[in-house]
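Please read these numbers as outputs of a predicted model, since none were measured by experiment. The analysis underlying the following values was restricted to heavy atoms, covering all of them including side chains, and did not include hydrogens, waters or symmetry mates. Counting starts at 1 for both ligands and their atoms, in listed order.
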Amino acid sequence: MEYSDKILSRSIDPSVHDMLTHAEGLGLETVWDRYEAMLPQCGFGELGLCCRHCNMGPCRISPFDEEGPKQGICGATADIIVARGLIRMIAAGAAAHSDHGRDIAHTLLLTAEGKGGGYEIKDEAKLMALAAEYGLEVDGRSKEDIALDLARAVYGEFGKQEGPIQFTRRAPEKRVALWKNTGIDPRGVDREIVEIMHRTHIGVDNDPVNLILQGLRASVADGWGGSMIATELSDVLFGTPTPVRSEANLGVLKDDEVNIIVHGHEPTLSEMIVAAAQDPEMLALAEKYGAKGIAICGICCTGNEVLMRHGVPIAGNFLQQELAIMTGAVEAMIVDVQCIFPALGALTGCFHTKFISTSPKAKFPGATHIEFHEEQAYDIAKEIVRMGVENYRFRKPGQVHIPADTMACMVGFSVEAIVGALGGTLDPLLGAIKDGAVKGIAGVVGCNNPKVQHDYGHVNILKELIKNDVLVVTTGCNAIAAAKAGLLLPEAAELAGEGLKSVCQALGIPPVLHMGSCVDISRILVACAAIANALGVDISDLPVAGAAPEWMSEKAVSIGAYVVSSGIFTVLGTVPQVLGGPVVTKVLTEDANAVVGAAFAVEPDPFKAAKLMIDHIGEKRATLGI
Ligand code: SF4
Ligand code: MSK
């Protein structure tokens, strides 16, 4: 099929070309249309130069007009306004991840108390390891008692007034010492987020560097706190991922089965939806309505969670959420929190699809709200699955348009799984890095953004890195892009340089390893800490680099900040709203090197971005003498 230039410019994914053409035929708008309608976007906002922190404003600094204002009404300069805006983004991102972690801790607490509504402790070995890390008594105690103590201890991390957050001590000693010396070793997770809100109120902290340091402190509380808590306790409750095969892209939707999509970020409900979809009563009901089965699939990070633990197919990443509905084959779109378009309400109204919101924290126009409570988890999940199944009879076959595109993938490379694939120790990987077969490791993560061609940055940076013998670990929507492009298959080693190819072929692993959802970037931190400790160096000494080629969310700002604070050079593919502050821009891209041993770069071209990362890895190798 021939597609218009406009449609080809929006994505590299053929399923997206197909669905955007279909959308045009139906006269339906998408995120790309709304983006174009928004152009030109506000120049002050793009540079981070507007402020609404008090009602003397709004204020904006004019870089465009010599005569225009150079200070806000209170006297705030461009750098003050930019720094405050930036760290408020970090606060929001850290809050989102950390509230996710808190919810998982709550679920563990209820499960330990016997009020879990169907949950169980699936990874007892991890429970015991975490209990030891927290110094909890384990001898002669039931796993529920230990889990109760662990859940309470972890809960305490959020409201702690004084540090440290336990998991931060997984970082190499040199890194912890650096955090202490620079004043960015976080206290409680909530405390650091609240302090950002305090400092950015009018008339409090008006030193751009001091503001940024607090942003870094809150981000460390996210990466080594809230996000890591979410990851670790999810593993305890739902199992630590191990490699599993599945499929990706919109073609995973079935034309003869009930299709239920789980979308958002938290795994608590989706775990139960997967279980309820296998309930004989639900399967019989589906058969009664003429469906051959119940197909669950995912979008965004809720999708990543059930993909890596159950091999549940993934229908797409962030920019494909509307397109999934437009297939006319989705009986229910079930959402929890984060990255869900409010536009879905009006869109589902054009189809038979039920749009079901479930979190008391996240309600949407046009959605049916079925509130999720962990205490009745399975029963609520079954009720939602039932709604989807009963909706199958209202599907209009003439409206169904499912793209053919699917791709096989291998996912679920937790740190434990990677160590398992290496034969129980990191030594083979360290050996491959030392002898140069693997030049280094890149973490490539993050969202899609309609400002750039969908998946172009993701796929090309990955291909370029592996071609140059850089092993890639991926999470979030980058991981989904990689899956759709066939890069999460052992056969993709053919695209790698000779060294990486031989390592992947010997181990039977893909050159791009799926490590999970956005909070699972904490797994990358744990892996980096383990490698640094094995080599007796700091993370900033390692031949590693990070990238977020198409990022858009505030969570990504917090992620970037904690990755850099951990000592990892990071390249951003979309331009952050900070360039109006020259001091802030210099601190982030240059001066941070002297403070935390790493900095940001901004490079929209994925080939140039990969080159920056490869050069950085080469420099670190030279310094290490390998
Ligand atoms: Fe304007 Fe200052 Fe108020 Fe911001 S805090 S809106 S710059 S007066
Ligand atoms: S889902 S935060 S669009 S990666 Fe984690 Fe994707 Fe970004 Fe949401």
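Note on Arg199 versus Asp207: no salt bridge recorded, every NZ/NE/NH1/NH2 to OD/OE distance being 4.0 Å or above. We find that Glu603 and Lys608 are not joined by a salt bridge, their nearest charged nitrogen and carboxylate oxygen being 4.0 Å or further apart. Using a cutoff of 4.0 Å between basic side-chain nitrogens and carboxylate oxygens, Lys451 and Glu46 are not scored as salt-bridged.
Residue contacts with ligand 1 do not include Gln71, since none of its heavy atoms lies under 4.0 Å from the ligand. Taking a 4.0 Å cut-off on heavy atoms, Gln338 fails to register as neighbouring ligand 2. Remark: distances from the non-hydrogen atoms of Ser553 to ligand 2 include one below 4.0 Å.
Near Cys518, meaning under 4.0 Å from one of its heavy atoms, ligand 2 places the atoms 2 (S), 4 (S), 5 (Fe). Per-residue contacts place Gly446 under 4.0 angstrom from the following atoms of ligand 2 (heavy atoms of the residue considered): 4 (S). The atoms of ligand 2 that sit less than 4.0 Å from any heavy atom of Cys300 are 1 (S). Within the listing of ligand 2, atoms 1 (S), 5 (Fe) sit less than 4.0 angstrom from a heavy atom of Cys301. Listed by number with element, the atoms of ligand 1 under 4.0 angstrom from any heavy atom of Gly57 are 6 (S). Shown in contact with Cys477 at under 4.0 Å from a heavy atom are these atoms of ligand 2, numbered in order with element: 1 (S), 3 (S), 4 (S), 6 (Fe). Of all atoms in ligand 2, numbered sequentially from 1 with element shown, those under 4.0 Å from a heavy atom of Lys555 are 2 (S). Close approach to Phe318 involves these atoms of ligand 2, each under 4.0 Å from a residue heavy atom: 3 (S). The distance from ligand 2 to the heavy atoms of Met552 drops below 4.0 Å at these ligand atoms: 3 (S).
For Arg84, every heavy-atom contact with ligand 1 shorter than 4.0 Å involves the side chain, none the backbone.
Scanning all protein heavy atoms for the shortest distance to atom 4 (Fe) of ligand 1 gives Cys51 SG, 2.3 Å. Protein heavy atom nearest atom 3 (Fe) of ligand 1, with residue, atom name and distance: Cys54 SG, 2.4 Å. In this structure, the protein non-hydrogen atom closest to atom 2 (Fe) of ligand 1 is Cys74 SG, 2.4 Å. Of all protein heavy atoms, the one closest to atom 7 (Fe) of ligand 2 is Cys447 SG, 2.4 Å. Shortest contact from atom 8 (Fe) of ligand 2 to any protein heavy atom: Cys339 SG, 2.2 Å.
For the residue pair Glu550 / His454, no side-chain donor-acceptor distance below 3.5 Å is found, with atom types taken as modelled. Thr302 and His263 form no side-chain donor-acceptor contact under 3.5 Å, judged by distance and modelled atom types alone. The closest side-chain donor-acceptor pair between Ser15 and Asp13 falls under 3.5 angstrom. With hydrogens and angles left out, the side-chain atoms of Ser227 and Asp222 include a donor and acceptor closer than 3.5 Å. Side-chain contact annotation: Ser414 with Asp235, donor-acceptor N/O pair under 3.5 Å absent. Inspection of the Asp205 and Asn210 side chains reveals an N or O donor paired with an N or O acceptor under 3.5 Å.
Phe158 carries Arg102 over the face of its six-membered ring, with the cationic atom under 6.0 Å from the centre and within 45° of the normal.
Between Ile104 and Pro267, the closest side-chain pair of non-hydrogen atoms falls below 4.5 Å.
Side-chain atoms of Gln453 come within 3.5 Å of backbone N or O of Ser11 as a donor-acceptor pair.
At a cut-off of 2.8 Å, Cys59 does not coordinate atom 3 (Fe) of ligand 1 through any N, O or S atom.
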